[in-house]
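Everything below concerns the one structure shown next.
Throughout, protein chains are lettered first and strands after them, A, B, ... in sequence-line order, and every chain is numbered starting at 1.
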Amino acid sequence: MWSILYYLRNDPEKLKWNMRMRGFSEAIVGKALELDTLWRKTLTELNDLRRKHNQISREIGRLKGEAREKKLAEAKSLLKLIEEKEKILRKIEAEREEVLLSIPNIVHESVPQGEDEEDNVPVKFWGKPKVWRRYLDRFKEQTKGFSVEYEVIDWKPIGHADMLEVLGLGDTFKAAQVAGSRFFYIFDDLVWLDLALLLYALDFLAQQGFKIVMPPYMLRRKPYEGVTALSDFEDAIYKIEDEDLYLIATSEHPIAALHMNEILEEKDLPLLYAGISPCFRKEAGAHGKDTKGIFRVHQFHKVEQFVFCRPEESWEWHEKLLENAEKLWQGLGVPYRVVNICTGDLGVVAAKKYDLEAWMPAQGKYREMVSCSNCTDWQSYRLKIRFRRRKTGEREYVHTLNSTAIASTRAITAILENFQEPDGTVVVPKVLRRYLELFPKAPKEVILPKKKRK
RNA sequence: GCCGGGGUCGCCUAGCCUGGUUAGGGCGGAGGGUUGCUAACCCUCUGGCCGAAAGGCCGCGUGGGUUCAAAUCCCACCCCCGGCGCCA
C-alpha cells in the first residue's frame, strides 16, 4: 500500500507531524481524510446501484415479451441514478486525488528541521581546502564544529567565470547573444575535460554493477508528472511547442519512467542504473544567482545514479549512493562537505536528501555538486512501479533513489578553482588522465592559460 | 506521413466475425498433498478497488460513443509488427 494512504487511514497524526516538520499547514491532512471517507462511502453506494443494474441486465437476456419490456424500463431508470452517482463520485475522486497527490513525501526522522539552506546540517568534511587568507573567517564559519585541515593561500584564486577568459576556452557572451544568458560555448581542453569527467563517472559506476543508460531526452507529460512536483514544472522544464514533449531536466526522470506501469520480480531488485544525458533547465526561480560563468546554466551533461529497490533496503542504498558520489569526488581530489538537507529545503519528492558541496576557493564557499535523494514510494506510486513479493505474491511499491555522480559544468568549475595555480594554470586531476590519453589533442597534465600557450 | 496486421490478468495464448451464464487454457510464482530423497503427478490460490467479513464493483492499450448489456460494434488517440514514402 502507498505509504501516504496507509498513514492517512491508520495514523493521520504522522502525516500532520510531517506537514508541521515541513512548515506546511496540516489542514490538508484533515481534508484528505474527509475526502477519502466520503469517497469510500460514495463508492459503496454506487457499487450497490451497479449490482442491481447488472442483475436486471442479466435477467433481460433470458426474458421474452412483456416481462422483458418491464425489466428494460427498470434498467433504464436505474441507469439514470447510476449516472448521477457516477458524476458525484468522479468529482469527489478528482478532489481526493488532487489532495492526496499534493501531500509531500514523509520525511525521515534523521532530517533536520529548518527553513532554508542556512539550516542544512553539515555531517562530514573531506579533503584539505585551499583557503585564501581573507576568506579564513568564512571558512571557519562554514566548518564550525568540525576540525577540518586546510591550507592557507596568500593569492586570490580566479573565479570559474573569469577562468574561462584566462584560459580562453569559453565564451558565455557570444552564447548569450545567440541563445540567451546561462548558455555557454566551451572549447578544446574544456570539451575534453567534460567528456573525461562523464567517462570517469560512467566507468566507475559500471564497475559498481550499474547498468549504464542513455535515455530519451524528452518525455511526455504523463510520465513527467510522475517523477516531479507540478510546481517544479514551470520553473524548471522546457516544453516543445505544439507537442506533448518536455526536455528532461535530468536523466533521473526518464530512468524513473523506464519501469512505469510495471510489476517487477522481487529477485530482480535492486535495479541499478547509471544514466548519462544532457540536462535542460529553465532556472526560472534563480534570477540574479550565479549569472556569470557555467555554474548555473540551462544545459549541461550529467551522469546520474538511479536505484529501484525494496522498501526495506532503501535507506542502505541512500548511504551507498552517497558513498559512490564521495568516492568519485575523492578520486578527483576536490575538497567537499556533505550536508543533510533540512525540511524546508528538501522539496516535496524526497524523504531525505544529502548534498555534496565542493569547496570553491574563489568564492570562499561550499557549493552544491551532488544531490542524493531517497524518494521512497513517492515517485513509484505516481508511476505505478511495483514489485511482487516472492513469499506472499503481494504487490508493493518499490522505492526509488537518485544521486548525481558528476554534473559536467559544475565539476569543471570546481576543478578550475581548486586546481588552479597562481599563474592561472589548471592541473588536470590524475584520475581523468586515462580518459584523455586516447586523444592526442586532449590535455594530459595541465590546462595552460591563454597567454602561456603558443 | 500513407496502407495493412496487431495490443487480452506477471509472461504466452483462446475468445472478437455472429454483443448476454464465471475472460478459458498454458507458463512462471505461492501454499498444500503424495513420496526414503529428488523428479514427476494431484489439489488450491495467483489484477485493482470498497468491505470486519459475507460479498460486491471495476478491469481485455487509452479515452469517448451505441446498447438494458461491450474484450466483442463505432470514433479518436497512443504503441508494436510488415510494406511504401521521407530521412542523419
Side-chain angles (χ1 to χ4, degrees), chain A residues 1-11 32-101 214-226 239-240 242-246 254 257-271 278 308 310 377 380-398:
Chain A
M1 192 176 194
W2 181 35
S3 55
I4 302 250
L5 192 58
Y6 173 83
Y7 285 116
L8 184 68
R9 290 181 182 175
N10 296 293
D11 185 11
L33 198 52
E34 196 179 294
L35 282 167
D36 185 53
T37 309
L38 180 61
W39 174 76
R40 292 200 269 176
K41 178 170 159 280
T42 311
L43 183 61
T44 305
E45 289 166 4
L46 174 62
N47 282 345
D48 225 44
L49 289 171
R50 282 174 170 164
R51 179 174 51 81
K52 285 186 190 139
H53 180 258
N54 285 346
Q55 272 169 0
I56 292 170
S57 197
R58 270 191 290 267
E59 284 171 38
I60 288 171
R62 281 181 253 116
L63 293 172
K64 285 259 157 29
E66 209 173 300
R68 180 185 167 95
E69 293 306 317
K70 207 178 141 206
K71 287 288 178 190
L72 272 175
E74 217 178 305
K76 279 184 193 175
S77 70
L78 212 40
L79 265 183
K80 280 208 187 72
L81 292 178
I82 289 173
E83 242 169 78
E84 279 166 38
K85 192 62 91 178
E86 276 176 342
K87 210 179 282 176
I88 295 168
L89 183 73
R90 264 200 300 273
K91 193 164 166 278
I92 297 167
E93 207 160 44
E95 275 180 65
R96 170 185 179 268
E97 191 72 354
E98 197 190 325
V99 169
L100 283 180
L101 290 180
M214 228 179 235
Y217 301 160
M218 301 178 207
L219 288 179
R220 290 214 177 101
R221 177 137 195 147
K222 186 83 183 287
Y224 232 123
E225 285 179 348
K239 184 180 192 316
I240 304 295
D242 295 330
E243 305 220 38
D244 179 24
L245 284 174
Y246 298 81
L258 175 61
H259 293 293
M260 184 166 85
N261 297 328
E262 288 184 22
I263 295 172
L264 304 164
E265 294 298 331
E266 188 174 8
K267 67 174 161 54
D268 295 333
L269 297 176
L271 292 171
F308 298 89
R310 300 188 299 169
D377 61 0
S380 59
Y381 172 74
R382 276 145 229 261
L383 291 168
K384 302 277 170 285
I385 306 172
R386 292 171 296 168
F387 74 103
R388 190 201 325 271
R389 284 277 179 201
R390 216 178 114 73
K391 278 282 171 230
T392 59
E394 277 175 284
R395 289 145 170 86
E396 286 179 53
Y397 291 100
V398 300

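- Rounded to whole Å, the separation between the P atoms of rG65(B) and rA14(B) comes to 31 Å.
- A sub-4.0 Å separation between OP1 or OP2 of rG51(B) and a side-chain N or O of Arg40(A) is present.
- The side chain of Arg220(A) has rC79(B) as its nearest neighbour among rC57(B), rC79(B), rC68(B).
- When both pairing distances are held under 3.5 Å, rA40(B) makes no Watson-Crick or G-U pair with any nucleotide shown.
- Proximity note for Arg395(A) (side chain, C-beta onward) versus rG10(B), rC57(B), rC68(B): the nearest is rG10(B).
- Taking a pair to require two hydrogen-bonding distances under 3.5 Å in either a Watson-Crick or a G-U wobble arrangement, rA71(B) remains unpaired.
- Distance CD1 (Ile263(A)) to P (rC11(B)): 8 Å, rounded to an integer number of Å.
- Considering only side-chain N and O atoms, Arg58(A) lies nowhere under 4.0 angstrom from the phosphate OP1 or OP2 of rC68(B).
- Nucleotides rG64(B) and rC16(B) are separated by 26 Å at their P atoms, to the nearest Å.
- Nucleotides rU38(B) and rG47(B) are separated by 29 Å at their P atoms, to the nearest Å.
- Judged by distance alone, with hydrogens and angles left aside, the side-chain atoms of Arg382(A) form a donor-acceptor pair with the main-chain N or O of Leu101(A) at under 3.5 Å.
- Using cut-offs of 30° and 60° for the angle between ring planes, the Phe308(A) and His259(A) rings count as perpendicular.
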